[in-house]
Number of protein chains: 2
Amino acid sequence: MEVVVISIDEESRIIDDMMDRIVKRKLSPGEKLPSENELADEYRVPRMTVRNALTKFEERGYIYSKQGKGRYVKEASIPIQLSLTGRISFTDKMNQMGYDLMTSNIYCEKMDYEMEVYQKLNADEHDSVYRIGRLRYINGEPIAIHNSYVNESSFPEIKEDGPEIESMFAYYRKQGFSDFTSRKTMLSITFPTSKEQQLLSCKSMVPLIKVESDCIDIESKQVLEHTKILYRSDKFKYDITMD
Amino acid sequence: MEVVVISIDEESRIIDDMMDRIVKRKLSPGEKLPSENELADEYRVPRMTVRNALTKFEERGYIYSKQGKGRYVKEASIPIQLSLTGRISFTDKMNQMGYDLMTSNIYCEKMDYEMEVYQKLNADEHDSVYRIGRLRYINGEPIAIHNSYVNESSFPEIKEDGPEIESMFAYYRKQGFSDFTSRKTMLSITFPTSKEQQLLSCKSMVPLIKVESDCIDIESKQVLEHTKILYRSDKFKYDITMD
DNA sequence: CTAGCTTAACTTGTCGCCAAGTGCTTGTGT
DNA sequence: ACACAAGCACTTGGCGACAAGTTAAGCTAG
């Protein structure tokens with residue numbers, strides 16, 4: 001009889017085990033992990049295997065390492081419960097939940113032509129579309145990048161106003177619009193580019209939740225903006241309850 | 001004057017660039033990437049840096065490698081548009097969209113006590129709760145693990161029936177329940193354990209979308225099940241439109 | 001006795017060599 | 001001229017030695 005050995009990836013096994021130790025509180029936040037050599041002996045694998053596993057684990061954001069010292073368990077951040085369902089603005093949502101929200105404008109620039117975005121704005125290829133980026137902080141931590149795409153032909157002063165806008169809704173109201181709706185909201189997962197890693201001060205393997213939507217003036221049916229928000233997935237839990 | 005050099009992680013820069021080449025179609029699916037040595041020369045970095053970057057990229061599921069041959073761009077899978085909003089069952093959703101859905105039962109076992117799950121089922125600590133796991137395939141590809149937690153005191157035959165159930169809704173109807181609702185639906189992101197990697201045949205860095213919900217009989221207000229679904233995030237786009 | 005420096009034993013980080021796998025090219029025997 | 005095998009030039013994969021950083025103990029000099 002032949003014995004079939006199903007090879008389970010050693011690295012994944014180590015990550016599983018580390019995860020288990022953390023959730024079972026055998027390893028608490030701030031505590032030092034066993035050294036690479038100790039773990040290598042324990043799992044009977046070369047140090048490099050342990051090392052690769054721990055590097056992956058680090059990039060997911062669960063531990064951090066210091067050369068010459070060791071690896072440590074990160075403080076677990078309590079997930080912020082975010083409701084994706086309501087039609088209220090991000091700012092209002094967060095204030096409602098009692099979070100200390102801060103916003104900083106990071107850019108307001110003319111974007112290069114991109115079919116997908118232009119189409120959604122009903123923009124002509126020769127229109128100027130501005131991308132307004134804001135970084136959202138909660139309790140001082142950057143947690144989301146909020147991109148708004150706005151057609152200059154709809155808002156001629158957007159180039160000047162853009163760098164000052166905190167809430168787009170407030171801006172639209174000032175421009176004479178009052179009731180808003182949106183067509184479709186799509187959710188997908190991406191990884192941060194190096195720029196996004198810097199802005200969100202996160203590692204390359206922290207998944208981002210990308211929420212794409214738009215904002216339409218109910219009265220004129222005009223598309224005011226297209227939005228693309230990138231949330232750090234390790235900081236949130238989303239309530240997507242229907243009612 | 002002091003020149004401050006902001007160090008951008010070399011690995012991330014390489015990944016950014018590879019991603020860019022793929023979306024800009026400088027590299028098409030099936031095509032071979034430049035070798036590690038070529039890229040190392042191009043970016044003026046040691047081969048190991050390129051290697052680490054490409055390994056990460058591979059684990060995200062964008063490329064695959066063959067020893068002795070090279071690295072190749074994977075076929076981009078067209079994301080399946082899944083509506084998270086409706087109250088119809090997974091099976092119905094998929095059939096409605098015209099996808100070739102297949103389900104296989106992978107386990108039906110008494111679970112160990114876990115406070116969170118037991119609480120949500122209003123189960124006593126001494127109750128037997130069964131975990132019924134099904135693997136969902138679309139076009140032959142495994143794409144989601146569907147876990148249902150059911151209290152034996154509500155469904156005494158669950159141990160025997162479990163391994164045969166494809167649709168829980170159908171099962172509940174057969175048991176005399178007809179109208180269902182759910183309380184809260186939460187969405188979060190996790191990474192696959194090694195078991196989940198095997199079941200979903202995906203790499204360790206493919207994020208999974210975890211959707212937790214429950215099913216309640218409207219008439220009796222009884223909690224019939226707690227569900228935990230793990231979707232491969234690289235295979236889906238979610239429609240979370242409100243209306 | 002004490003302050004400060006040296007050293008050694010740990011830690012994680014980097015790099016490069018060689019092993020393993022593939023396929024093309026080349027040479028040889030029929 | 002063709003078949004086949006050996007070798008070489010490429011690929012990715014794995015591992016081990018060393019570099020760099022940290023800490024604490026112990027020795028030495030004041």
Side-chain angles (χ1 to χ4, degrees), chain A residues 5-15 17-19 21-22 26-74 194 197 203-205, chain B residues 5-15 17-19 21-22 27-75 194 197 203-205:
Chain A
V5 178
I6 297 170
S7 94
I8 299 171
D9 179 16
E10 285 292 346
E11 284 182 22
S12 298
R13 245 201 41 215
I14 295 171
I15 296 179
D17 200 54
M18 283 299 138
M19 199 64 191
R21 291 193 199 188
I22 291 176
K26 285 178 216 163
L27 281 172
S28 302
E31 203 170 332
K32 190 174 170 303
L33 268 70
S35 79
E36 294 177 0
N37 283 315
E38 285 174 308
L39 291 171
D41 289 346
E42 188 182 331
Y43 294 111
R44 313 276 189 121
V45 295
R47 182 170 83 100
M48 272 302 161
T49 306
V50 172
R51 193 170 165 65
N52 286 336
L54 292 180
T55 304
K56 271 192 207 171
F57 202 48
E58 180 175 352
E59 262 153 1
R60 291 185 191 175
Y62 291 100
I63 56 175
Y64 64 92
S65 60
K66 278 190 180 159
Q67 187 175 0
K69 296 191 74 175
R71 299 183 188 272
Y72 300 86
V73 180
K74 264 198 197 169
S194 47
Q197 283 170 48
K203 292 279 183 173
S204 65
M205 285 302 182
Chain B
V5 179
I6 298 171
S7 93
I8 300 172
D9 180 16
E10 285 293 345
E11 286 182 22
S12 297
R13 245 202 40 216
I14 296 172
I15 296 179
D17 199 54
M18 282 300 135
M19 199 62 191
R21 290 193 199 187
I22 291 176
L27 280 171
S28 302
E31 203 171 331
K32 190 176 169 305
L33 269 70
S35 80
E36 294 177 0
N37 283 317
E38 285 173 307
L39 290 171
D41 289 346
E42 188 181 332
Y43 295 110
R44 313 273 190 126
V45 294
R47 182 169 82 100
M48 279 315 278
T49 306
V50 173
R51 194 169 165 63
N52 285 335
L54 293 179
T55 305
K56 269 192 208 173
F57 202 49
E58 179 175 353
E59 262 154 1
R60 290 185 191 176
Y62 291 100
I63 56 174
Y64 63 91
S65 61
K66 278 190 181 162
Q67 188 176 359
K69 296 192 74 177
R71 299 183 190 269
Y72 300 86
V73 180
K74 264 198 197 169
E75 212 65 42
S194 46
Q197 284 170 46
K203 292 279 186 175
S204 65
M205 287 301 183

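Naming: A, B, ... by sequence-line order, numbering from 1 per chain. Please read all numbers here as calculations on a predicted model, not as lab measurements.
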TODO: First locate atom NZ of K203(A), then atom OG1 of T55(A), and finally report the distance between them rounded to the nearest 0.5 Å.
DONE: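 It comes to 9.0 Å.
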- [ ] Using a 4.0 Å heavy-atom cut-off across all strands, classify R47(B) as base, sugar-phosphate, or nothing.
- [x]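 Here R47(B) touches the bases of the nucleic acid.
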TODO: Scan R71(A) against the nucleic acid and name what it touches under 4.0 Å (heavy atoms): base, sugar-phosphate only, or nothing.
DONE: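 R71(A): backbone/sugar contact only, no base atoms under 4.0 Å.
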Task: Ionic contact status for R21(A) with D17(A), cut-off 4.0 Å - done: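 Here D17(A) pairs with R21(A) in a salt bridge, since their nearest N and O are under 4.0 Å apart.
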Task: K56(B) and E59(B) ion-paired at < 4.0 Å - done: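 No, this pair does not count.
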TODO: Check whether any side-chain N or O of S28(B) sits under 3.5 Å from a backbone N or O of E31(B) as a donor-acceptor pair, and report yes or no.
DONE: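 The answer is no, because no donor-acceptor pair under 3.5 Å joins these two groups.
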Open item on the list: Using a 4.0 Å cut-off on heavy atoms, which residues in residues 32-39 of chain A reach DNA chain C? List them by number, or say none.
Closed with: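 Contacting residues: S35(A), E36(A), N37(A).
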- [ ] Please list residues of residues 57-66 of chain A whose heavy atoms come under 4.0 Å from any atom in DNA chain C, ordered by number; otherwise none.
- [x]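 Correct list: S65(A), K66(A).
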- [ ] Report yes if at least one side-chain N or O of R51(B) is closer than 4.0 Å to OP1 or OP2 of dT12(D); otherwise report no.
- [x]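 Answer no for this pair, as no side-chain N or O of R51(B) is under 4.0 Å from OP1 or OP2.
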- [ ] For atom NZ of K66(B), decide whether the heavy atoms of other residues, nucleotides or ligands shown that lie under 6.0 angstrom number more than 12.
- [x]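 No, because the 6.0 Å sphere around NZ of K66(B) holds 12 heavy atoms or fewer from other groups.
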Open item on the list: In this structure, how many angstroms lie between the P atom of dC15(D) and the CZ atom of R44(A), rounded?
Closed with: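 My rounded result for the distance is 16 Å.
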For nucleotides 22-26 of chain C, which of its nitrogen or oxygen atoms have a protein nitrogen or oxygen under 3.5 Å away, and what is each distance?
| unit_1 | atom_1 | unit_2 | atom_2 | d |
| --- | --- | --- | --- | --- |
| dG23(C) | OP1 | K69(B) | NZ | 3.3 |

